[in-house]
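Proteins get letters first, then strands, A, B, ... in listed order; numbering begins at 1 in each. Keep in mind that the numbers below use all heavy atoms, side chains included, and drop hydrogens, waters and symmetry copies.
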There are 2 protein chains.
Amino acid sequence: MVVSAHPTATMQISNLGEQGLLKLIAPYCLPNTIGDDGAIVHPPPDCELVVTTDVLVDGVHFSDRTTTAFDVGWRAVAANLSDLAAMGATPLGITVGLSLPPTLPVVWLEGLYRGMQACLDRYGTGIIGGDLTRSSVATVAITALGSVRADRIIARANAKVDDAIVVTGYHGDSHGGLQLLLDANAIAEPTAERQALIDAHQRPLPRLDVLPILDRLSASASQEFAIGGMDSSDGLADAIVQICQASGVGAVLNRSSLPISPSLTRIFPDTALDSALYGGEDFELVLCMPREIGLELVEKIGGGAAIIGKIVRSSDILLIDDLTNNSPIHLVGVGDSLPLGTASLKENRHSGFQHF
Amino acid sequence: MVVSAHPTATMQISNLGEQGLLKLIAPYCLPNTIGDDGAIVHPPPDCELVVTTDVLVDGVHFSDRTTTAFDVGWRAVAANLSDLAAMGATPLGITVGLSLPPTLPVVWLEGLYRGMQACLDRYGTGIIGGDLTRSSVATVAITALGSVRADRIIARANAKVDDAIVVTGYHGDSHGGLQLLLDANAIAEPTAERQALIDAHQRPLPRLDVLPILDRLSASASQEFAIGGMDSSDGLADAIVQICQASGVGAVLNRSSLPISPSLTRIFPDTALDSALYGGEDFELVLCMPREIGLELVEKIGGGAAIIGKIVRSSDILLIDDLTNNSPIHLVGVGDSLPLGTASLKENRHSGFQHF
């Protein structure tokens with residue numbers, strides 16, 4: 001990567017001027033995409049196009065206290081790529097609409113682009129366009145484009161009674177990492193185990209890697225099946241609730257099957273379950289499909305992937321506590337009030353109004 | 001259009017709550033596009049996809065002084081559709097990323113969506129997704145998607161020596177309208193002529209209507225030709241400069257051929273030329289093509305459409321003053337210093353850092 005300017009730590013973007021800013025940003029964009037009024041993208045033949053938009057605002061979605069510029073860039077891209085993965089779509093590229101205070105340090109802007117590019121590189125895609133303007137508050141508006149074969153679209157409304165509910169990895173680690181970041185003592189010299197939770201929060205990995213596995217399972221299945229699902233960016237419980245409401249079904253989950261990492265359980269024994277259900281920002285996929293396909297998928301993904309329950313003909317979404325034999329609890333979504341005992345999580349939710 | 005809430009004039013969006021906001025916005029989105037993590041778009045077969053992003057910030061790109069919420073919505077959409085037209089692309093839909101102060105009046109948000117929808121309706125397209133979050137400053141980030149046949153892409157780098165330079169309509173009216181809006185006396189009881197300039201500023205019309213005409217001319221032409229061009233959102237002079245730089249050519253324009261409306265000349269006799277060259281925000285197209293095609297195009301478009309000059313083998317971009325026999329002047333782009341005598345325009349340019 002070539003960075004055309006060598007800003008000092010104190011240089012502000014207003015010092016760089018228009019041309020300097022463009023020179024700084026150009027190396028981070030895919031070749032032949034900038035210079036005209038719009039960027040040209042070549043969608044593969046016979047595919048549907050998927051488009052998703054996320055806006056991140058300084059002081060609402062990120063702050064200097066818990067997030068470096070690199071991590072803001074990484075997470076902004078990761079959230080958008082996760083939305084594509086949630087639809088079954090492979091990325092074609094992103095556009096970046098930035099509004100920034102003129103006093104923003106140039107090194108922050110560079111860090112942001114480095115973080116975005118690092119995440120995009122990992123998934124073989126890049127920046128294809130954008131806009132840059134001044135504002136009193138830093139705002140990052142990303143739109144991601146992807147493509148998916150019409151018969152491979154993952155949708156919330158596709159869940160069917162008796163489907164297995166598969167999650168692609170551990171839940172709650174991101175929320176655990178955030179708690180550690182907000183505790184200066186905990187992060188002074190983090191152990192490897194603590195650092196793993198912090199990494200889960202700062203550098204989430206959208207599960208685009210799951211799509212080719214799903215493709216192969218679909219191709220070799222004895223009969224066609226549609227996958228109901230979404231990502232768990234607003235929490236595992238919310239994902240289940242959204243899928244059930246969109247599909248007109250209920251769900252039963254087993255407490256013992258929830259994928260909670262050993263690290264989270266050791267560091268936060270009292271709150272690990274709440275973090276897993278309601279913490280959010282794990283960016284895993286929650287997928288509903290025939291049980292035999294689900295078993296194969298979990299085996300191929302490994303890690304924390306698990307079948308956590310099944311879809312039932314009901315309007316209830318119940319967590320059966322097969323570990324303690326407590327009564328089943330009803331799960332709630334982001335739009336609902338949180339259950340008692342989870343008040344510590346409230347700060348972390350409703351960070352925006354809501355996606356729509 | 002059904003609006004599900006009936007807010008009073010004093011209601012703020014924080015009073016409405018998440019679900020209320022979603023209900024308010026849903027009627028403005030195309031059916032079957034919201035509810036999943038991303039929206040599905042069906043691009044036509046064998047087309048390239050064009051994507052363009054614009055960010056508008058309160059206090060930078062619009063203010064209550066000159067722009068109602070309806071007009072902010074209209075102009076935000078118009079600017080993006082104009083970028084599609086500038087590439088030869090027909091719109092498939094837009095995403096809207098909003099960040100808004102919780103104290104914003106609900107009627108402002110409704111006005112914004114009504115303005116966006118009015119402009120989208122006129123061009124047969126709509127909102128397919130978005131994001132909504134809180135912020136201390138209202139920011140509207142729109143991404144527009146369009147499609148174009150590969151052999152019909154309009155690009156800045158396509159201009160060739162001897163091409164005629166065609167503009168699709170009058171220039172400077174938008175800047176004249178802005179001057180009137182900033183002058184309380186002028187807009188107390190605007191004449192029809194003054195109102196026409198104000199309309200040009202508040203409700204610009206992107207020239208998507210020119211694309212099917214170009215298609216027919218291309219199909220019936222004796223030989224294939226590529227069109228060099230862009231829109232004139234940053235000013236007519238800047239468009240010519242950008243096209244010439246991208247194509248490695250020069251241009252000679254004739255003062256008498258510049259399309260300046262009789263109204264602008266009558267109301268602003270001293271500054272009409274500066275407004276036409278450097279005022280910007282006219283959202284017309286500047287297109288370079290063989291002269292015989294250009295003549296047909298101008299005849300079919302009518303209005304202020306004109307051939308204003310031609311592309312030459314040079315690095316100079318000259319305006320020949322065939323009206324007064326003054327010396328030719330060199331035109332400059334947005335990145336350059338303005339020529340002497342145009343200082344009044346400076347405020348109006350550089351409203352952002354620059355698009356990239």
Answer yes or no: does atom CG of A/D46 have more than 12 heavy-atom neighbours from other residues, nucleotides or ligands under 6.0 Å?
-> no

The residue among B/V60, B/L56, B/D54, B/T139 that forms side chain to side chain contact (heavy atoms under 4.5 Å, CB included) with A/T133 is B/V60

Non-hydrogen atoms of chain A under 4.5 Å away: do they reach the side chain of [X], the backbone, both or neither?
X      : answer
B/P43  : side chain
B/A246 : neither
B/M87  : side chain
B/L84  : neither

Do side-chain atoms of A/T52 reach the backbone of B/D37 as a donor and acceptor pair under 3.5 angstrom?
-> yes

Please find the pair of heavy atoms, one from [X] and one from [Y], that lie closest to each other, and give the distance.
X      : Y      : result
A/V41  : B/E48  : O-OE1, 3.7 Å
B/S135 : A/V57  : OG-CG1, 3.6 Å
B/V55  : A/S99  : CG1-OG, 4.0 Å
B/D36  : A/G229 : OD1-O, 4.4 Å

Could you go through the side-chain contact (heavy atoms from CB on, under 4.5 Å) check for A/L145 and B/L145 one step at a time?
-> CA-CA 10 Å; A/L145 300 175; B/L145 300 175; 3.6 Å; yes

Side chain from CB out, backbone as N, CA, C, O: work out which of these in A/L98 comes under 4.5 Å of a heavy atom of chain B, or both, or neither.
->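 Answer is backbone: N, CA, C or O of A/L98 sit under 4.5 Å from chain B.
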
Give, for atom CD1 of B/I153 and atom CD1 of A/I40, the distance between the pair rounded to the nearest 0.5 Å.
->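 Rounded to the nearest 0.5 Å, the CD1-CD1 separation comes out at 3.5 Å.
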
Chain B contacts, top residue of A/D58, A/T95, A/I142 (heavy-atom pairs, under 4.5 Å) | A/T95

Among B/T53, B/D131, B/T143, find the one that has a side-chain hydrogen bond (donor to acceptor under 3.5 Å, both in side chains) with A/T143.
-> B/T143

